[in-house]
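As structure tokens, the structure follows; a few thoughts come after it.
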Amino acid sequence: MESGMISVDKWSSGSQVYFLTHLHADHTVGLSSKWSRAPLFCSRVTAKLFPSKFPGFDLSLLRVVEIGRWHSLPLVSPTSGSATTVSVMAIDANHCPGSLMYLFRGEFGCMLYTGDFRWEKSSNTVEVGRTILLDALKNEKLDILYLDNTYCNPRYSFPSREVAAKQIVDIITAHPKHDIIIGIDSLGKEDLLLYISRTLNIKIWVWPERLQIMHLLGFHDIFTTKTSLTRVRAVPRYSFSIETLEGLNTLCPTIGIMPSGLPWAVKAVKGNGNVFGSSCSTSGLNKSNGNMDFANGSKTHEPNGDLRSVERYCEYIYTIAYSDHSCFAEIHEFIELLRPISMKGIVSSSPSYIDPHYFFGHLCGTKQAFWRLHQKLDNEERLEKVDTIEIKSTIGGTSSVAGRKRKRDQYDFLGRVSRVSLLRRLGHGVRIADI
DNA sequence: GCGATCAGAT
DNA sequence: CACATCTGATCGC
């Protein structure tokens with residue numbers, strides 16, 4: 001069995017302590033009510049939500065990590081078998097309620113696991129996080145950054161959630177007689193709903209299980225399960241479709257708002273020389289007769305004048321780029337701030353996966369010279385070099401899922417992983433193992 | 001029959 | 001396009 005000390009968002013055996021970044025389903029694959037391997041560290045909010053996700057879970061296993069404070073963990077070194085200490089500090093990841101990044105310090109060096117995160121310049125949460133990180137790293141280099149690389153491509157450009165929320169309120173205001181359906185998940189987007197409620201002075205309907213979550217999060221008077229009290233309803237995203245909206249419209253004029261989705265990503269390619277070969281707007285989404293029109297300007301005029309982040313792909317549905325992940329520019333700022341010696345993307349299952357080194361390798365401490373040396377290589381050769389660098393510079397790489405996979409992945413000239421089906425189910429998470 | 005895992009859909 | 005999640009099929013016990 002592989003030896004290791006710490007797992008993050010990974011729940012198989014072999015570690016002494018386990019860390020959970022947040023409670024979304026793709027980060028808890030392998031966790032269950034009966035899981036009882038070892039202490040599980042998470043945020044206070046996550047601990048509070050835990051029983052609703054895993055009823056019957058042994059709560060005595062949970063350990064709350066406070067934000068911005070070092071915690072010491074007495075562990076056993078996998079190399080020597082002797083006692084060693086690992087320190088961990090949590091930073092708010094600004095992704096969903098309770099989401100954290102973890103900064104670890106130990107015999108393996110210094111490493112940061114971001115989990116899913118949104119590095120919005122305008123956010124006070126991010127401002128606090130920046131201060132904590134810079135202070136914690138002022139006398140120490142970051143050896144490895146495990147990065148949420150979901151949107152690690154210049155094609156992904158979108159506004160802050162504050163701006164996106166305003167766009168959504170504008171759409172609702174422009175439809176005063178309509179019912180409004182907003183697609184959300186079991187956790188996340190609460191700030192958006194609060195903003196809508198506050199701005200329009202209206203309650204928001206949610207389904208019963210979601211109301212329980214809202215109550216656990218401390219929101220008691222804003223949400224309701226009585227449809228008669230409001231025209232704005234937040235519904236599970238998976239129940240949200242063109243067919244649903246068409247059905248609702250036979251009963252009552254209704255529009256749907258999808259705070260995510262990617263038509264904006266396709267459009268964002270426009271005008272940049274088409275480097276990534278935009279597939280244009282005729283793919284899967286508009287299987288009805290929708291023709292990807294931009295939202296009508298008079299209906300959805302936005303404060304920042306950026307119409308690309310609001311779109312309609314059918315008569316009833318608006319898609320708004322309200323993202324809980326960092327856009328490309330934010331990822332850039334984050335890496336530039338930390339300048340890690342090495343990094344590794346935690347999301348390798350994406351069909352458009354690009355190794356973070358491809359765009360940001362030049363920001364990595366000891367690799368800068370190496371990267372300049374290879375600027376003249378063509379894309380294909382360069383990507384092969386990236387691969388090599390990453391494997392060599394990985395701490396405990398042989399026991400990390402990402403490290404194992406990548407050796408065998410094939411890249412096309414855009415850096416896309418082509419063996420998608422094999423990668424799909426591997427999910428997030430990493431084990432921090434032996435040096 | 002049950003939980004875990006996978007495939008497919010949204 | 002891809003996030004997070006659902007349903008339903010299949011596997012192992």
(message) Rounded to whole Å, please give me the gap between CZ in A:Phe328 and P in C:dC1.
(response) 21 Å
(message) A:Gln16: which residues meet the side-chain contact (heavy atoms from CB on, under 4.5 Å) condition with it, sequence neighbours left out?
(response) A:Met5, A:Leu75, A:Val76
(request) Please list, by residue number, the residues of residues 184-192 of chain A whose heavy atoms come closer than 4.0 Å to an atom of DNA chain C; answer none if no residue qualifies. (result) A:Asp185, A:Ser186
(message) In this structure, how many angstroms lie between the C1' atom of B:dA4 and the CH2 atom of A:Trp11, rounded?
(response) 17 Å
(message) Quick check on C:dA2: is either OP1 or OP2 less than 4.0 Å from any side-chain nitrogen or oxygen of A:His325?
(response) no
(message) Within the 4.0 Å heavy-atom criterion, would you say A:Asp324 contacts the bases, only the backbone, or no part of the nucleic acid?
(response) nothing
(request) Take the protein atom NE2 of A:His24 and the nucleotide atom P of C:dC6, then report the distance between them rounded to whole Å. (result) 11 Å
(request) State whether the distance check finds a donor on one side and an acceptor on the other, under 3.5 Å, for side chain A:Arg237 versus base C:dC3. (result) yes
(message) Please report the distance, rounded to the nearest Å, between CG in A:Asn149 and P in C:dC1.
(response) 18 Å
(request) Take atom CG of A:Leu31 and atom P of B:dA4, then tell me their distance rounded to the nearest Å. (result) 11 Å
(message) Taking any heavy-atom pair under 4.0 Å as a contact, classify A:His95: base, sugar-phosphate, or nothing.
(response) sugar-phosphate
(request) Show your reasoning for whether salt bridge (charged side-chain N to carboxylate O under 4.0 Å, His left out) applies to A:Asp148 and A:Arg118. (result) CA-CA 9 Å; A:Asp148 171 14; A:Arg118 178 90 205 246; over 6 Å; no
(request) Calculate the interatomic distance between A:Asp26 atom CG and B:dT10 atom C1'; express it in whole Å. (result) 15 Å
(request) Would you please name every residue forming a ring pair (Phe, Tyr, Trp, His ring centres under 6.0 Å) with A:Phe219, sequence neighbours left out? (result) none
(message) For a quick test of reading the model, state the closest non-hydrogen atom pair linking A:Ser326 to A:Trp119 and the distance between them.
(response) OG-N, 2.9 Å
(message) Testing A:Asp179, A:Ile202, A:Leu193, A:Ile257 one by one against A:Val232 for a side-chain contact (heavy atoms from CB on, under 4.5 Å), which residue passes?
(response) A:Ile202
(message) I want to verify a distance call: between C:dC3, B:dG3, C:dT5, whose nearest atom is closest to the A:Tyr151 side chain?
(response) C:dC3
(message) Taking the ring of A:Phe19 and the ring of A:Phe41, is the distance between their centroids below 6.0 Å?
(response) yes
(request) For A:Arg37, look at atom CZ and say whether over 12 heavy atoms of other residues, nucleotides or ligands are found less than 6.0 Å away. (result) yes
(request) Can you tell me the distance, in whole Å, between the OH atom of A:Tyr238 and the C1' atom of C:dT7? (result) 10 Å
(request) Whole angstrom is fine here: how far is it from CG in A:Asp148 over to C1' in C:dA4? (result) 13 Å
